[in-house]
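Remarks on the structure that follows.
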Amino acid sequence: MSRHGRRSPARRTGQRAVIAGTAVVALGAGLGVWAAGDDGSGGPARSAADGVSAAPAATSPSPSRSYALSSAPRTIPSVREHTPARGPGWRPERAHRVVVDGTGLADEGRLLAGELGLTYAGEKDDRRAGDVRLEVDKGLKTGAESYTMTVRDGRVTVRGPSEAGVFYGTRTLKQAVRGGGAAPEGVVKDAPAKPRRGLMLDIARKHYSADWIEDRIRELGDLKYNELGLHFSDDQGFRIESSSHPEIVSADHLTKAQVKRIVGLAAARHITIVPEIDSPGHLGAVLDAHPDLQLRNARGTATKGAIDISKPGAAEIVDDLIDEYAEVFPGGQWHLGGDEYQALTVSDPAASYPQLAAAAREKYGSGATVEDLTTGWLNDRAATVRANHRTPRAWNDGFFRGTSVKADDDLRVAYWTGKEIGARQPSEYLAEGRQVINYNDEFLYYVLGQPQTFVYPTGQRIYEHWTPRVIRGTEAVDARYDDQILGGSFAVWGDIPGAQTQAQVADGIRLPLAATVQKLWDPDAPELSWARFKALAEKVG
């Protein structure tokens, strides 16, 4: 299987056999028939007797029966390779067990057993009819998030090189059962094309309840996402309890106990929380409590949301917060922000903000600019993040062309726009060797109230026209950069927070999330039409 997810001959052959109607097998009264369904899924057909979905009993094939060649399970994201086989497949029954090969898979095993109404039996060496066995094999040479799911002889085995891979295999099994009543006979070999698959939530401008965030984590886990970004500091609010600076925290906020529960649930779903404390802009809530750190222009006018990076106290408070929340969020990723620093949106930053120009010359030499000072700020915050054993990323408009101070090589670019002053094409960052995460605001920005030129993105447009290589606008970057594009993130911003309720946001992003992860898991043109994909999302969601 290539990294671009080309379908295997075995998978294509299996699909042709089903479409051709190779066999229809009667399994007795009350069980319906095992044949290709109307959507070509190979799942259980409707029983004429009772009009409800039925599936084959979990028994071994016998010489007296002839089974249709199976087809791939229909899931979101779709599996990338399926080797079909003839057999009854597997359907859950209460007497069936989920067994694991080690205590490290206990969470995955218990979750799956509860979802499918099975018995969680823990570590067992014996084999029983109907078993679902979860196994980690660290000797496998496939990617860490890969897995195989084998359905054979009335049993299911999910195996991967890591617990994450096994978890994704359980999501495939769950969706196969939910969408078609059974898991088809054969072997699934699956792995994501992109290692970073995320949803970013702006919880600073719109406060979301802990329960609502936890529901999104469950949704993301089932879709095989592995990141949830939390932008929790901005001009309108600071939304997580703080012990180092309690004075900056908004009235509506998450407690650390709530965050601990969120982080724990995310970890159980193999989702990393990516915290973002945006700076040196978007710090209005912090500056409300620390007006002495507010950036002011040459006339003494306060600059909205901007901290004065020429003052030592500015770095101290932001580093205090990074250090504090590194203990709250144990994942390996960190978002530094870096975007829309208002000192750099004027025609002559040095004239408008002479204190910044003076600080730049003092720190970096006589020719240094405000852009150099701002780049140095970003590098210094990245150093604080690295000291906490995190990998930093920053918005693309926090990187500047032609500065004497260069952004650190390991800073990942979160590319969202090409509308800023001095905008740079994605290819510029990629040509420098930088790794990029795609937040393309043309497709992936869900901005509450649709201000400026934003419109709510649709799942159909993402599904039919976007891929991870479409980083800016609608044109893809050259394929030679594909390995540097780590993945992408759908983003929900709260510019006009009252424009939608929490429930409306959840409903509005449901199909876009499904479409986005489909293209991050497999960027190739999808096999299903949008109408069929949408119908599938209704079944398995």
Side-chain angles (χ1 to χ4, degrees), residues 143-145 161-165 192-201 217 220 224-233 240 259 262-263 266-267 269-280 282 315 318-339 374-400 405-416 426 428-440 444 468 471 481-491 520:
E145 294 185 303
S162 71
E163 293 167 10
K194 295 298 179 183
R196 307 254 65 89
R197 306 177 301 280
L199 166 66
M200 195 230 70
L201 290 174
I217 289 171
L220 295 176
K224 305 186 177 91
Y225 278 90
N226 64 4
E227 283 191 357
L228 173 62
L230 293 180
H231 174 95
F232 63 91
S233 171
I240 297 178
V259 172
I262 287 168
V263 169
R269 263 65 172 181
H270 299 277
I271 294 170
T272 297
I273 304 292
V274 184
E276 180 188 355
I277 300 175
D278 204 345
S279 78
H282 293 282
V318 174
D319 285 347
D320 283 350
L321 294 171
I322 292 173
D323 288 338
E324 176 180 0
Y325 291 102
E327 296 183 2
V328 176
F329 297 103
Q333 306 292 314
W334 193 281
H335 204 313
L336 290 166
D339 63 313
T374 308
T375 301
W377 167 276
L378 190 65
N379 288 343
D380 290 344
R381 306 292 76 72
T384 303
V385 165
R386 283 189 216 96
N388 285 287
H389 310 291
R390 305 296 191 273
T391 300
R393 70 183 66 165
W395 298 114
N396 63 283
D397 52 330
F399 296 76
F400 308 105
V405 178
K406 304 298 181 184
D408 291 342
D409 290 342
D410 67 338
L411 264 171
R412 293 173 172 176
V413 179
Y415 199 104
W416 72 281
E428 287 193 44
Y429 302 93
L430 294 164
E432 293 173 358
R434 291 194 183 276
Q435 295 179 317
V436 173
I437 302 167
N438 188 333
Y439 291 76
N440 187 341
L444 306 179
I471 300 174
Y481 295 126
D482 191 57
D483 287 344
Q484 291 172 238
I485 303 168
L486 300 181
S489 182
F490 192 84
L520 289 169

**Message:** Going by salt bridge (Lys or Arg N to Asp or Glu O under 4.0 Å), name the residues that satisfy it together with Arg393, two or more places apart in sequence or in a different chain.
**Reply:** Glu227
**Item:** side chain to side chain contact (heavy atoms under 4.5 Å, CB included) assessment of Met200 paired with His335
**Value:** CA-CA 11 Å; Met200 195 230 70; His335 204 313; 6.0 Å; no
**Asked** So, for Pro468 and Ile485, which heavy atoms are closest and what is the spacing to 0.1 Å?
**Response** O-CG2, 3.5 Å
**Fill in**
d(Thr375 OG1, Asp380 CG) to nearest 0.5 Å is 11.0 Å
**Message:** Given Tyr415, which partner from the list Tyr439, Tyr429, Trp395, Phe399 fulfils the ring pair (Phe, Tyr, Trp, His ring centres under 6.0 Å) test?
**Reply:** Tyr429
**Prompt:** Atom CG of Leu230 and atom CD1 of Ile277: how far apart are they, to the nearest 0.5 Å?
**Reply:** 11.5 Å
**Message:** Suppose we screen for side chain to side chain contact (heavy atoms under 4.5 Å, CB included). Which residues come up paired with Glu163, at least two apart in sequence or across chains?
**Reply:** Leu105, Glu108, Val136, His270
**Asked** Could you state the interatomic distance from CZ (Phe400) to CG (Leu378), rounded to the nearest 0.5 Å?
**Response** 8.0 Å
**Asked** Taking only residues two or more places apart in sequence, or in another chain, which ones meet Pro275 in a side chain to side chain contact (heavy atoms under 4.5 Å, CB included)?
**Response** Phe232, Phe329, Trp334
**Request:** Spell out, as yes or no, whether a donor-acceptor pair under 3.5 Å connects the side chain of Arg381 to the backbone of Asp319.
**Result:** no
**Asked** Of the non-hydrogen atoms in Gly143 and Pro161, which two are nearest, and what is the gap between them?
**Response** O-CG, 3.1 Å
**Asked** If only atom types and distance count, is the side chain of Asp410 paired as donor or acceptor with the main-chain N or O of Pro392 below 3.5 Å?
**Response** no
**Check: Arg197 side chain, Lys224 main-chain N or O, donor-acceptor pair, under 3.5 Å** = yes
**Asked** Applying salt bridge (Lys or Arg N to Asp or Glu O under 4.0 Å), which residue pairs with at least one partner in residues 320-333 are found, sequence neighbours left out?
**Response** Lys256-Glu324
**Intermediate values then yes/no, side chain to side chain contact (heavy atoms under 4.5 Å, CB included), Val318 and Thr384** = CA-CA 10 Å; Val318 174; Thr384 303; over 6 Å; no
**Prompt:** How are the rings of His282 and His231 set to each other: parallel, tilted or perpendicular (split at 30° and 60°)?
**Reply:** perpendicular
**Request:** Could you grab the distance from atom CG of Leu520 to atom CG of Leu486, nearest 0.5 Å is fine?
**Result:** 11.0 Å
**Asked** Is it true that a side-chain atom of Asn388 and a backbone atom of Arg390 form a donor plus acceptor pair closer than 3.5 Å?
**Response** no
**Message:** Regarding Asp482 and Lys194, does a basic nitrogen lie under 4.0 Å from an acidic carboxylate oxygen?
**Reply:** yes
**Message:** Has Asn379 got a side-chain atom pairing as donor or acceptor with Asp408's backbone, closer than 3.5 angstrom?
**Reply:** yes
**Request:** Heavy atoms only: give me the nearest Pro280-Gly338 pair and the separation to one decimal.
**Result:** CD-CA, 4.4 Å
**Ala144 backbone acceptor or donor facing Ser162 side chain under 3.5 Å** = yes
**Message:** Can you list everything that forms a side chain to side chain donor-acceptor pair (under 3.5 Å) with Ser233? Sequence neighbours excluded, please.
**Reply:** none
**Item:** Minimum heavy-atom distance Ile273-Ala266, with the two atoms named
**Value:** CD1-CB, 3.8 Å
**Message:** Restricting to side chain to side chain donor-acceptor pair (under 3.5 Å), what partner residues turn up for Arg434, sequence neighbours left out?
**Reply:** Glu432
**Message:** Would you compute the distance between atom OG of Ser489 and atom CH2 of Trp416 and round it to the nearest 0.5 angstrom?
**Reply:** 14.0 Å
**Message:** How long is the straight-line distance from CD1 of Ile471 back to CG of Leu444, given to the nearest 0.5 Å?
**Reply:** 11.0 Å
**Request:** For Leu228 and Ile271, work out which heavy atoms get closest and say how close.
**Result:** N-CG2, 3.7 Å
